[in-house]
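Here's the structure, in structure tokens; my notes come after.
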Amino acid sequence: NSFFCHCLFYRDIYYFSYIITSTHEDDEACAAALKDGRIFLFHHLSPLLQLWTRNYSSLGSDGSLLKESVLIGCSEQNQAQFCLDVGKNAALEENFKGNFIDLRKAFFLLDGPEAPLVSQALLRWHQTSRFCSATGQPTQRNQAGSQRVCSSSSTIYYPKMSTVAVVLVSDGKRCLLGRQSSFPRGLYSVLAGFCDMGETLEEALCREVAEEVGLEIQSISYSSSQHWPFPHSSFMLGCHASVSPAHTQVKLEDARWFTVEEITHALQVKTPPRRGDPPSLWLPPKPALANRLIREWVERQDRT
Ligand SMILES: NC(=O)C1=CN([C@@H]2O[C@H](COP(=O)(O)OP(=O)(O)OC[C@H]3O[C@@H](n4cnc5c(N)ncnc54)[C@H](O)[C@@H]3O)[C@@H](O)[C@H]2O)C=CC1
Ligand SMILES: [Mg+2]
């Protein structure tokens with residue numbers, strides 16, 4: 001029975017990835033998918049707070065703005081998902097006024113589909129890739145928005161992303177979290193850094209941890225990955241690693257070791273500390289890969 005379920009599962013994945021691939025490449029198929037799809041609305045890259053379902057009248061009588069939407073992928077309910085920035089349209093701007101929120105703030109309210117995260121990165125890529133960097137001529141997008149082609153040289157451009165190595169470092173009993181000056185009060189997160197060209201994930205992790213806290217890591221194990229819209233468009237690869245308990249002295253003022261009790265307590269905190277509150281630890285929200293790595297670490301501590 002479970003073998004049968006697996007077969008069904010893989011067949012569905014194959015089938016839907018086939019649909020999405022063909023929809024990416026086929027302008028007509030994409031236009032058809034748009035008719036029954038769901039659209040995430042943005043305004044100058046800020047998401048609308050609720051998921052927007054089809055209502056042609058709000059998007060202009062001819063639906064021409066719809067053509068500017070970008071295909072994100074397929075929902076778990078097998079429905080095509082698109083995103084659209086209405087920022088250029090003054091009438092629409094008026095329609096939806098006040099309902100859009102900065103993505104960094106919206107992020108702390110999200111507790112489900114990650115589509116808005118990918119959407120912002122895709123929309124931003126289109127807004128900043130309108131000209132060919134070799135010829136200076138305009139680029140044209142396909143219907144799905146999965147590529148742009150230079151009208152003069154036919155060079156094809158695909159959405160770009162930077163690889164980021166993310167790691168939760170543990171000394172066996174405590175975990176190491178750091179903060180940047182731009183973080184909100186009390187927020188500590190896992191260590192991270194952009195991979196340099198030619199570096200493996202492992203090399204990037206070792207270099208970043210050495211640069212940021214002066215420690216040598218070992219036993220790197222991969223956990224999971226996540227697309228991330230900040231600062232532009234990143235692909236985060238999350239890992240766990242350990243340091244020898246004899247060498248845990250960190251050089252960074254803003255990095256600290258935390259016990260499992262401190263982390264467990266902080267995971268219960270739902271709202272950020274306010275001005276005047278006693279200093280307390282605040283962790284990245286649930287949709288962040290950092291949060292997943294921290295929870296995994298706590299579960300491992302509970303098992304040992
Ligand atoms: N989703 C999650 O849970 C997590 C996300 N992050 C994200 O990872 C990103 C990178 O982490 P940081 O510690 O800031 O990286 P980092 O430690 O490499 O420092 C950032 C600096 O690296 C340089 N840099 C090198 N290559 C770059 C590139 N391709 N794009 C932009 N800057 C580049 C810039 O000077 C930049 O200021 C951040 O945007 C952060 O928000 C970090 C941890 C967890
Ligand atoms: Mg860093």
Side-chain angles (χ1 to χ4, degrees), residues 45 47 102-122 124-125 128-129 133 157-170 175-217 220-241 243 250-256 258 263 266-267 269 272 281-299:
L45 301 179
D102 175 71
L103 185 63
R104 278 189 191 268
K105 290 190 191 125
F107 182 68
F108 286 90
L109 304 171
L110 289 173
D111 196 13
E114 292 181 2
L117 297 182
V118 188
S119 309
Q120 198 213 37
L122 270 172
R124 185 192 282 120
W125 177 75
T128 54
S129 311
S133 52
Y157 292 92
Y158 296 97
K160 271 194 298 222
M161 55 196 172
S162 307
T163 311
V164 179
V166 184
V167 64
L168 183 73
V169 178
S170 168
C175 75
L176 183 62
L177 302 178
R179 53 174 277 113
Q180 297 178 9
S181 53
S182 58
F183 282 7
R185 277 160 57 84
L187 180 67
Y188 277 79
S189 187
V190 299
L191 303 182
F194 290 94
C195 292
D196 285 342
M197 193 73 91
E199 232 176 13
T200 63
L201 172 62
E202 294 79 358
E203 286 165 348
L205 288 173
C206 292
R207 177 184 52 74
E208 278 296 334
V209 175
E211 278 176 16
E212 293 190 355
V213 291
L215 296 179
E216 199 176 316
I217 53 170
I220 296 171
S221 63
Y222 172 76
S223 160
S224 47
S225 61
Q226 177 178 59
H227 287 270
W228 189 246
F230 314 116
H232 300 294
S233 176
S234 309
F235 185 42
M236 328 282 310
L237 299 173
C239 296
H240 291 272
V243 293
V250 293
K251 71 168 191 200
L252 196 78
E253 218 173 83
D254 276 341
R256 275 182 48 199
F258 293 91
I263 298 288
L267 282 170
V269 176
L281 171 63
W282 188 38
L283 296 172
K286 241 182 174 174
L289 178 60
N291 185 290
R292 193 184 309 159
L293 294 173
I294 292 168
R295 283 176 192 275
E296 281 173 359
W297 179 76
V298 171
E299 279 164 26

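As the structure lists them, so they are numbered: ligands from 1, and atoms in each ligand from 1. By convention here, the first residue in the shown sequence is residue 1.
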Exercise. For Leu187, does its backbone N or O pair with a side-chain atom of Arg179 as donor and acceptor, under 3.5 Å?
Worked result: yes
For this session: Report, as yes or no, whether the 6.0 Å neighbourhood of atom CD on Glu202 holds more than 12 heavy atoms from other residues, nucleotides or ligands.
Result: yes
Exercise. In terms of atom number and element, which parts of ligand 1 are under 4.0 angstrom from non-hydrogen atoms of Phe230?
Worked result: 39 (O)
Problem set entry | N or O contact, Ala288 vs ligand 1, cut-off under 3.5 Å | no
Exercise. If we only count N/O pairs under 3.5 Å, is Gln226 in contact with ligand 1?
Worked result: yes
For this session: Answer whether the closest heavy-atom distance between the side chains of Ile220 and Cys206 falls below 4.5 Å.
Result: yes
Problem set entry | Selection residues 185-207 - residue pairs positive for ring pair (Phe, Tyr, Trp, His ring centres under 6.0 Å), sequence neighbours left out | Tyr188-Phe258
Problem set entry | Under 4.0 Å to a heavy atom of Ala290 - the qualifying atoms of ligand 1, by number | 2 (C), 3 (O), 44 (C)
Exercise. Ligand 1 and Asn291, any nitrogen or oxygen pair closer than 3.5 angstrom?
Worked result: no
Exercise. Of all heavy-atom pairs between His240 and Trp297, which one has the smallest distance, and what is that distance?
Worked result: CE1-N, 4.0 Å
Exercise. So is there a nitrogen or oxygen of Phe194 less than 3.5 Å from a nitrogen or oxygen in ligand 1?
Worked result: yes
For this session: Could you tell me whether Arg207 and Glu211 make a salt bridge, using a distance below 4.0 angstrom between a side-chain N and a carboxylate O?
Result: yes
Problem set entry | ligand 1 to Val190 polar contact by distance, N or O atoms, under 3.5 Å | no
Exercise. Short list, please: which atoms of ligand 1 are under 4.0 Å from a heavy atom of Glu208?
Worked result: 17 (O), 18 (O)
Exercise. Do any nitrogen or oxygen atoms of Met236 come within less than 3.5 Å of a nitrogen or oxygen of ligand 1?
Worked result: no
For this session: Any chance you could lay out the side-chain contact (heavy atoms from CB on, under 4.5 Å) test for Trp125 and Tyr157, step after step, and finish with the verdict?
Result: CA-CA 10 Å; Trp125 177 75; Tyr157 292 92; 4.0 Å; yes
Seminar exercise, completed: One finds that the ligand 1 atoms under 4.0 Å from a non-hydrogen atom of Ser162 are 29 (N)
Exercise. With a 4.0 Å cut-off on heavy atoms, is Glu211 touching ligand 1?
Worked result: no
Problem set entry | Arg124 side chain vs His232 backbone, donor-acceptor pair below 3.5 Å | yes
Exercise. Ignoring water, what protein N, O or S atoms are under 2.8 Å from the Mg ion (ligand 2)?
Worked result: Ala192 O, Glu212 OE2
Problem set entry | Pairwise distance CG(Leu177) to CG(Leu281) - rounded to 0.5 angstrom | 7.0 Å
Seminar exercise, completed: Quick note on ligand 1: atoms under 4.0 Å from a heavy atom of Pro231 include exactly 39 (O)
Exercise. Would you say the side-chain atoms of Gln226 pair up with the backbone N or O of Met236, donor to acceptor, closer than 3.5 Å?
Worked result: no
Seminar exercise, completed: ligand 1 to Gly193, heavy atom cutoff 4.0 Å, flagged ligand atoms 15 (O), 16 (P), 17 (O), 18 (O)
Exercise. What atoms of ligand 1 come closer than 4.0 angstrom to any heavy atom of Val164?
Worked result: 8 (O), 10 (C)
For this session: Identify the two heavy atoms, one from Glu212 and one from Leu191, that lie closest to each other, and give their separation to 0.1 Å.
Result: OE1-CD2, 3.9 Å
For this session: Measure from the side-chain N and O atoms of Tyr222 to the backbone N and O of Ser225, and report whether any donor-acceptor pair falls under 3.5 Å.
Result: yes
Exercise. Where does His232 meet ligand 1, judged by heavy-atom distances below 4.0 Å: at the side chain, the backbone, both, or neither?
Worked result: neither
Exercise. Between Leu289 and ligand 1, is there a nitrogen or oxygen pair with a distance under 3.5 Å?
Worked result: yes
Exercise. If we only count heavy atoms from C-beta on, is the Pro285 to Asn291 side-chain gap below 4.5 Å?
Worked result: no
Exercise. Is any side-chain heavy atom of Ser223 less than 4.5 Å from a side-chain heavy atom of Val166?
Worked result: no
Exercise. Can you list the ligand 1 atoms lying under 4.0 Å from a non-hydrogen atom of Gln180?
Worked result: 12 (P), 13 (O), 14 (O)
